[in-house]
Amino acid sequence: MTPPTTPDLKMHMDGEVAVVRLCRASKRNALNDGLIVALRDLFQNLPTAAKAAVIHGEGEHFCAGLDLSELQERDAGQGVMHSRMWHQALDGVQFGPVPVVAALHGAVVGGGLELASACHIRVADESTFYALPEGTRGIFVGGGGSVRVPKLIGVARMTDMMLTGRVYNATEGERIGLSQYVVPVGQALDQALAMARRIATNAPLTNYALTHVLPRIAEQPADHGLMTEAMMAAIAQAAPEAKARVNAFLQGKADKVKKA
Ligand code: 1HE
């Protein structure tokens, strides 16, 4: 089935990589309800040929966060439902069928940072800056940011960002854990694609373990986590693909690990 796309959210396949593009540059890719629903639907219906995905944004910025022009129109109950809709969409990114690499540039703010945080790898170019302006706007994060961002940078740094409006640049962002990579301006998408192509060559079950099982282990008490790890390790190593890959190495037919 072909995943639904909209004028504001496009997808194309690059080999085994689904390349997802926020296309609302005139509004700095601000996320309105239509875009959030489209994102949810897209990740629920990724082509089965996709083994990894990349998300990036059109124009000068990755994403300006929540479309603030829609905020006025909700009462408290609708606000809860709206936040839950974001949760569903971004859970679909984090716990969808494939690993997702975010290619970041320009503003990665508010809900844009929440979206980036739902991805598994973040590659930022040097133009990237991060902020959580919810504090200054008199609102709160609502797209999973209070759960995901502290896992990347800690509660104290997120509190600082929201209390003081602190903006981190690309280099600082990498240092504190907002991105795993920084690359020269204009190269984030190419780097993210290269990484996604590499990820697509991993055993699918290992990728699944990393995106679905590892985050759950990290939430478990240590003894539960170790038991879950043992089970996942047993399932992964029992797969025919694991045996074939290990044998290939033993026969000198697979790459060695090379010095960085
Ligand atoms: C928007 C939005 C938006 C831009 N909602 N319309 N997010 C924010 O508080 C960030 C608000 N945006 C900005 O600080 C800046 O726009 C940027 C730093 C991202 C980009 O600056 P710049 O100079 O490139 O663009 P601009 O001139 O500010 O904006 C261009 C247009 O996009 C303009 O509309 P226009 O009709 O006058 O052309 C802006 O109004 C519009 N625009 N950002 C609506 N966010 C699940 S809860 C999550 C909670 C949050 O995300 S709160 C944080 C919201």
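We're numbering straight along the sequence, starting at 1. Numbering of ligands and ligand atoms starts at 1, following listing order. The basis for the numbers below is simple: all heavy atoms, side chains too, and nothing from hydrogens, waters or symmetry mates.
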Residue list, salt bridge (charged side-chain N to carboxylate O under 4.0 Å, His left out) with Asp14, at least two apart or on another chain = Arg197
Going hydrophobic residue to hydrophobic residue with side-chain gaps under 4.5 angstrom, can you get from Leu115 over to Leu132?
-> yes
Name each N or O atom in ligand 1 that is under 3.5 Å from a protein N or O, and give the partner atom and the distance.
residue, atom, partner, partner atom, Å
ligand 1, 5 (N), Leu66, O, 3.4
ligand 1, 5 (N), Leu68, N, 2.9
ligand 1, 7 (N), Ala64, O, 2.8
ligand 1, 9 (O), Arg137, NE, 2.6
ligand 1, 9 (O), Arg137, NH2, 2.9
ligand 1, 24 (O), Arg28, NE, 2.9
ligand 1, 24 (O), His61, NE2, 2.9
ligand 1, 25 (O), Arg28, NE, 2.9
ligand 1, 25 (O), Arg28, NH2, 3.3
ligand 1, 32 (O), Ser26, O, 3.4
ligand 1, 34 (O), Lys27, NZ, 3.3
ligand 1, 36 (O), Lys27, NZ, 2.6
ligand 1, 45 (N), Ala64, O, 3.2
ligand 1, 45 (N), Leu66, O, 2.9
ligand 1, 51 (O), Leu66, N, 2.8
ligand 1, 51 (O), Gly111, N, 2.7

Of all residues at least two apart in sequence or in a different chain, which pass the side-chain contact (heavy atoms from CB on, under 4.5 Å) check with Arg157?
-> Ile153, Tyr168, Ile176
Donor on one side chain, acceptor on other, Thr164 and Asp160, under 3.5 Å = yes
Give a yes or no on whether a salt bridge exists between Lys27 and Asp8, defined as a side-chain N under 4.0 angstrom from a carboxylate O.
-> no
Return each pair, listed once, that meets side chain to side chain donor-acceptor pair (under 3.5 Å) where at least one residue sits in residues 142-151; pairs must be two or more places apart or across chains.
-> Asp91-Arg148, Gln94-Arg148, Lys151-Glu219
